[in-house]
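Note sheet for the following structure.
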Amino acid sequence: MEWGKTILSSLEWGKNISNREEKERVADIISSMVKEGEIIGVGSGSTAYLALLKIAGRVENEQLHIRAIPTSQEIRMACARLGIPVTSLWEHKPDWTFDGADEIDTEHNMIKGRGGAMFKEKLLISSSPRTYIIADPSKIVTKLGSRFPIPIEIFPEALTYVEEVLRAYNPKEIKLRMAEGKDGPVITENGNLILDAWFDNIPNNLEESIKSITGVIECGLFIHYNVQIIS
């Protein structure tokens with residue numbers, strides 16, 4: 001039995017996609033890399049979404065059999081709409097992963113997590129033998145943190161404590177990320193809150209320092225990860 005026409009069948013990306021032409025170009029590169037039978041980790045964000053659309057076209061036209069490990073409910077729903085079977089890290093290790101980024105510096109360090117999925121994104125990158133970061137030229141920066149804050153996912157009851165400890169690292173600003181489509185703060189898929197912390201300077205040990213704070217689930221700093229940039 002198949003479902004009839006549903007909201008899922010008409011699902012589209014929720015926001016206007018900036019720099020779409022450049023993102024389509026790198027999405028084509030990722031799509032061309034997909035091979036029969038692969039397990040592919042699929043990141044979040046508009047560039048990853050466009051790549052998923054291209055991959056779905058190949059799956060349909062070439063009858064490819066692949067499975068995806070999505071990093072968010074939005075990407076999981078997109079896979080359902082596009083007819084791409086999904087699996088999980090319980091069942092499979094990815095052959096490779098692709099994802100986007102908010103900022104990338106000259107040493108390939110990144111800030112990710114504007115979409116709030118940095119925990120699963122980091123888990124997939126850590127689990128994959130190969131990770132490709134797809135980014136249009138606007139994501140490349142000379143100094144990390146120049147355009148975006150560091151997202152920090154925290155256990156809700158740890159809010160006051162985490163803020164107090166973070167102040168010791170001299171952030172320029174810390175804000176609780178508030179929702180736009182609902183009252184109150186953004187709630188992650190793990191049921192947590194997100195703090196956005198701006199720093200004038202991001203040393204190499206800051207990711208480790210933030211993650212050591214009791215109550216922090218994950219942060220959006222990706223320092224010295226083994227990734228290849230496609231831009």
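Just so you know, these numbers come straight off a predicted model, no measurement behind them. Numbering of residues begins at 1 and proceeds along the displayed sequence.
- Screening Ile152, Leu193, Ile187, Ile194 against Arg177 for a side-chain contact (heavy atoms from CB on, under 4.5 Å) leaves a single residue, Ile194.
- Neither side chain, Thr160 nor Glu163, offers a donor N or O lying under 3.5 Å from an acceptor on the other.
- Rounding to the nearest 0.5 Å places OG of Ser138 at 10.0 Å from CG of Asp102.
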Apply side chain to side chain contact (heavy atoms under 4.5 Å, CB included) to residues Glu36 and His65 and explain how you reach the verdict.
CA-CA 6 Å; Glu36 170 67 19; His65 298 87; 3.2 Å; yes

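- Under the 4.5 Å side-chain heavy-atom criterion for grouping Ile, Leu, Val, Met, Phe, Trp and Tyr, Ile213 is connected to Ile223 within one hydrophobic cluster.
- When atom types are taken as modelled, the side chain of Glu103 and the backbone of Gly145 share a donor-acceptor pair closer than 3.5 angstrom.
- Cluster membership check: Val216 shares its hydrophobic cluster with Leu159, using side-chain heavy-atom separations under 4.5 Å among Ile, Leu, Val, Met, Phe, Trp and Tyr.
- Classification of Glu38 and Lys35 as a salt-bridged pair fails, no side-chain N sitting under 4.0 Å from a carboxylate O.
- Side chains of Arg167 and Tyr169: a donor-acceptor N/O pair is absent below 3.5 angstrom, by distance only.
- Distance alone, capped at 3.5 Å, is enough to place a donor-acceptor pair between the Arg58 side chain and the Val34 backbone.
- Counting all heavy atoms, side chain and backbone alike, Ile230 lies closest to Ile30 at CD1-CD1, 3.9 Å.
- Annotation for Ile75 and Gly43: closest pair CG1-O, 3.4 Å, computed over non-hydrogen atoms.
- If you take SG on Cys79 and CD on Glu74, they are separated by 11.5 Å, rounding to the nearest 0.5 Å.
- Judged by distance alone, the side chain of Ser32 and the main-chain N or O of Ile29 form a donor-acceptor pair under 3.5 Å.
- Checked for salt-bridge contact, Asp28 and Lys54 meet the test: a charged N lies under 4.0 Å from a carboxylate O.
- For the pair Arg114 and Pro151, the tightest heavy-atom approach, listed with the atom from each and the gap, is N-CG, 4.4 Å.
- With rounding to the nearest 0.5 Å, the separation of CG in Leu123 from CE in Met118 is 13.5 Å.
- Inter-residue side-chain proximity for Met110 and Ile133 is flagged as met; some heavy-atom pair is nearer than 4.5 Å.
- In summary, Glu24 and Arg20 engage in a salt bridge, as defined by a charged side-chain N under 4.0 Å from a carboxylate O.
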Next item on the list: Test Ile40 against Arg67 for side chain to side chain contact (heavy atoms under 4.5 Å, CB included), laying out the working first.
Entry: CA-CA 6 Å; Ile40 302 171; Arg67 278 175 284 192; over 6 Å; no

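- Between the CG atom in Leu124 and the NZ atom in Lys93 there is a gap of 10.5 Å [rounded to 0.5 Å].
- Environment of CD in Glu91: crowded, with over 12 heavy atoms of neighbouring residues, nucleotides or ligands closer than 6.0 Å.
- At least one side-chain heavy atom of Ile55 sits under 4.5 Å from a side-chain heavy atom of Ile66.
- If you chain together hydrophobic residues whose side chains sit under 4.5 Å apart, Tyr161 and Leu176 fall into the same group.
- Judged as a salt bridge (Lys or Arg N to Asp or Glu O under 4.0 Å), and not counting sequence neighbours, Asp136 has no contacts.
- Hydrophobic clustering keeps Trp198 apart from Phe222 (ILVMFWY residues linked when any side-chain heavy atoms are closer than 4.5 Å, directly or through intermediates).
- Listed by chain and number, the residues in a side chain to side chain donor-acceptor pair (under 3.5 Å) with Thr214 amount to none (sequence neighbours excluded).
- Residues Tyr225 and Glu207 have side chains in contact (heavy-atom distance under 4.5 Å, counting atoms from C-beta outward).
- Applying the side-chain hydrogen bond (donor to acceptor under 3.5 Å, both in side chains) rule to pairs touching residues 182-191 yields Glu153-Thr188, Glu153-Asn190, sequence neighbours excluded.
- Between Asp99 and Lys112, at least one side-chain N (NZ, or NE/NH1/NH2) sits under 4.0 Å from a carboxylate O, which counts as a salt bridge.
- Taking both residues in full, the closest heavy atoms of Ile202 and Leu144 are given as CD1-O, 3.5 Å, listed atom of the first, atom of the second, then distance.
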query: Could you go step by step and tell me if Leu206 and Leu221 meet the side chain to side chain contact (heavy atoms under 4.5 Å, CB included) rule?
result: CA-CA 8 Å; Leu206 186 58; Leu221 266 182; 4.0 Å; yes

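- Contact of the Ser72 side chain with the Lys120 side chain is not registered, since no non-hydrogen atoms from C-beta on lie closer than 4.5 Å.
- When the shell of 6.0 Å around CD of Glu173 is examined, it contains more than 12 heavy atoms from other residues, nucleotides or ligands.
- Residues Ile125 and Ile210 fall into different hydrophobic clusters, defined by Ile, Leu, Val, Met, Phe, Trp and Tyr side chains chained together at heavy-atom separations under 4.5 Å.
- Between Glu218 and Lys122 a salt bridge is recorded (basic side-chain N to carboxylate O distance below 4.0 Å).
- Met33 has its side chain out of reach of Phe98: every pair of non-hydrogen atoms, C-beta onward, lies at least 4.5 Å apart.
- Distance CD1/Ile154 to SG/Cys219: 12.5 Å, rounded to 0.5 Å.
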Ser46 and Lys23: CA distance, side-chain angles, deciding distance, side chain to side chain contact (heavy atoms under 4.5 Å, CB included) verdict
CA-CA 8 Å; Ser46 59; Lys23 290 178 179 178; 2.9 Å; yes

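- Taking the side chain as every heavy atom from C-beta outward, Ile69 and Val86 never approach each other to under 4.5 Å.
- No hydrogens or angles considered: a donor-acceptor pair under 3.5 Å links the side chains of Thr71 and Ser44.
- Thr131 places none of its side-chain heavy atoms less than 4.5 Å from the side chain of Trp96.
- Side-chain contact of Lys139 with Ser231: a donor-acceptor pair under 3.5 Å is absent, judged by distance alone.
- A donor-acceptor pair under 3.5 Å is formed between the side chain of Asn61 and the backbone N or O of Gly57.
- The closest side-chain heavy-atom distance from Gln228 to His108 is not below 4.5 Å.
- Proximity of a side-chain donor or acceptor of Asp196 to a complementary backbone N or O of Lys175 within less than 3.5 Å is not detected.
- The OH atom of Tyr132 lies 12.0 Å from the CD1 atom of Ile229; values are rounded to the nearest 0.5 Å.
- Nearest heavy atoms, Ile111 versus Pro149: CG2-O, 3.5 Å.
- A pairwise comparison of heavy atoms in Ile104 and Ala101 identifies CG1-CB, 3.7 Å as the closest pair.
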